[in-house]
Amino acid sequence: MHNNPAARLHNLVRRLRSTSSNGPAARRWAQALDIPINQEMTGLPFKQVIQGILAFLDLVDETEAGLPDLGFDDFYWEAFPPLRLVAHRSFSNLRANQANLTRPITDETLTLLRVIASEWGKKKPDPKIEEETLQELQAEAHSLFESVKRAEIDRDLKPFILSLTSAILQAIQQYRIGGPESLKRALALIIGQATLNVELVIKATASEPTKSLWARFYKVAVKLFEIVKFASDTRKTIE
């Protein structure tokens with residue numbers, strides 16, 4: 001997917017519109033954002049849904065703000081009010097079934113967004129990150145997160161590794177909205193936390209129970225680096 005806010009918006013709106021109309025609003029947004037939400041819709045996944053909707057509204061603003069530079073006619077602005085309406089309706093009761101939640105998003109809305117995304121890509125080309133690669137990284141990070149959560153390890157190391165892995169997961173989940181910048185911020189956070197907590201990193205590599213878990217995290221972090229190519233010396237910094 002290109003770092004094209006209009007393309008990200010069109011893709012996300014299309015995914016949201018295609019979700020099942022039977023579930024609660026939170027679950028529909030979770031499906032669109034690839035957030036694995038629990039049955040009770042509580043805790044971190046529910047928080048991520050809220051953050052995702054807020055980021056969606058920011059993406060709507062970002063796309064709309066770019067229209068004047070692209071020379072679009074006034075009627076293209078009609079694509080945005082229905083999107084804000086759906087987001088605001090969602091916030092009214094995220095846990096309730098809202099069968100008509102996406103009704104304001106019509107075929108015309110999607111067509112307008114598709115045209116905007118196409119023109120944006122022509123006039124403001126950006127680098128591409130493969131969606132399949134991100135999905136593979138997400139699966140590895142999720143598997144690691146679950147392994148660390150179940151592991152009986154040092155009480156300081158456990159939350160440390162979990163928080164870093166969670167940062168990667170959240171960045172990938174936010175990629176459809178925030179684009180490559182969300183991945184770069186996650187990588188910068190990892191580098192900063194590893195630098196500030198170097199004693200924990202040493203402990204993780206020295207302790208037999210955590211050595212394999214840290215090796216898995218290092219592998220995931222390096223893959224993230226390879227995706228975004230954040231800086232030439234990132235691999236050395238993480239190590």
Side-chain angles (χ1 to χ4, degrees), residues 1 3 5 8-9 11-13 15-16 19 25-62 87 90-91 94 129-151 157-197 200-201 213-214 216-231 234 237-238:
M1 184 183 294
N3 184 17
R8 297 199 305 272
L9 182 60
N11 182 62
L12 179 56
V13 171
R15 286 170 60 91
L16 180 63
T19 57
R27 193 169 299 281
R28 297 183 67 177
W29 280 97
Q31 291 173 12
L33 296 168
D34 278 343
I35 298 174
I37 196 166
N38 51 36
Q39 187 65 33
E40 296 78 17
M41 291 185 293
T42 57
L44 179 60
F46 189 73
K47 178 182 178 182
Q48 290 172 344
V49 167
I50 295 174
Q51 292 172 336
I53 299 175
L54 291 173
F56 170 79
L57 288 171
D58 288 340
L59 182 59
V60 173
D61 292 342
E62 180 184 357
S90 300
F91 275 133
L94 282 169
I129 294 178
E130 294 296 335
E131 182 78 13
E132 183 179 348
T133 303
L134 281 178
Q135 290 177 352
E136 292 174 359
L137 180 63
Q138 184 179 36
E140 288 187 40
H142 180 71
S143 175
L144 172 61
F145 186 89
E146 292 300 317
S147 296
V148 175
K149 192 165 64 172
R150 293 191 301 267
L157 282 175
K158 188 168 186 174
F160 178 62
I161 301 176
L162 283 175
S163 66
L164 296 182
T165 308
S166 177
I168 295 176
L169 284 170
Q170 290 185 49
I172 296 173
Q173 290 163 1
Q174 289 290 319
Y175 174 73
R176 284 196 173 89
I177 301 178
E181 289 302 317
S182 64
L183 304 179
K184 292 181 180 181
R185 287 193 295 269
L187 190 57
L189 173 65
I190 290 170
I191 294 171
Q193 288 299 315
T195 302
L196 291 172
N197 298 278
L200 284 178
V201 174
L213 292 174
W214 186 258
R216 287 173 63 185
F217 171 76
Y218 174 79
K219 181 181 177 182
V220 170
V222 169
K223 283 188 176 182
L224 178 63
F225 153 71
E226 291 171 346
I227 291 175
V228 301
K229 300 188 184 305
F230 185 67
T234 301
T237 305
I238 293 176

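Here the side chains of Leu33 and Leu12 are in contact, with some heavy-atom distance below 4.5 Å. Counting heavy atoms from C-beta on, the side chains of Val222 and Lys219 never come closer than 4.5 Å. Taking 4.5 Å as the limit, every side-chain heavy atom of Phe160 sits out of range of all side-chain heavy atoms of Phe217. By the 4.5 Å heavy-atom criterion applied to side chains, Trp29 and Thr19 are not counted as neighbours. Between Val220 and Thr165 the shortest side-chain heavy-atom distance does not fall below 4.5 Å. At a threshold of 4.5 Å between non-hydrogen side-chain atoms, the residues Ile168 and Ile172 count as touching.
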Item to check | Trace of the side-chain contact (heavy atoms from CB on, under 4.5 Å) decision for Lys47 with Ile50 | outcome: CA-CA 5 Å; Lys47 178 182 178 182; Ile50 295 174; 5.7 Å; no
Item to check | Residues Val49, Ile53; criterion side-chain contact (heavy atoms from CB on, under 4.5 Å); working and verdict | outcome: CA-CA 6 Å; Val49 167; Ile53 299 175; 4.2 Å; yes
Item to check | CA sep, side-chain torsions, deciding dist, call: Leu213, Leu157, side-chain contact (heavy atoms from CB on, under 4.5 Å) | outcome: CA-CA 10 Å; Leu213 292 174; Leu157 282 175; over 6 Å; no
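Counting only N and O atoms by type, the side chains of Ser143 and Arg216 include a donor and acceptor under 3.5 Å apart.
Expressed to the nearest 0.5 Å, how far CG of Leu54 lies from CZ of Phe91 amounts to 4.0 Å. Interatomic distance, CG of Leu134 versus CG of Leu224, reported as 8.5 Å (0.5 Å rounding). Here the CG-NE2 distance, from Asp34 to His142, works out to 12.0 Å after rounding to the nearest 0.5 Å. For the atom pair CG (Leu187) and CD1 (Ile227), the distance works out to 10.0 Å, reported to the nearest 0.5 Å.
Scanning all heavy atoms of the two residues, the minimum distance from Lys158 to Lys149 falls at NZ-O, 2.8 Å. Annotation for Ala171 and Ala186: closest pair CB-CB, 3.5 Å, computed over non-hydrogen atoms. Between Ala194 and Val201, the closest heavy-atom pair is O-CG2, 3.9 Å.
A side-chain donor-acceptor contact under 3.5 Å links Arg15 to the backbone of Gln31. Between the Thr195 side chain and the Ile191 main chain, a donor and an acceptor come within less than 3.5 Å of each other. In this structure, Ser166 contributes its side chain and Leu162 its backbone to no donor-acceptor pair below 3.5 Å.
Using a cutoff of 4.0 Å between basic side-chain nitrogens and carboxylate oxygens, Glu226 and Lys223 are not scored as salt-bridged.
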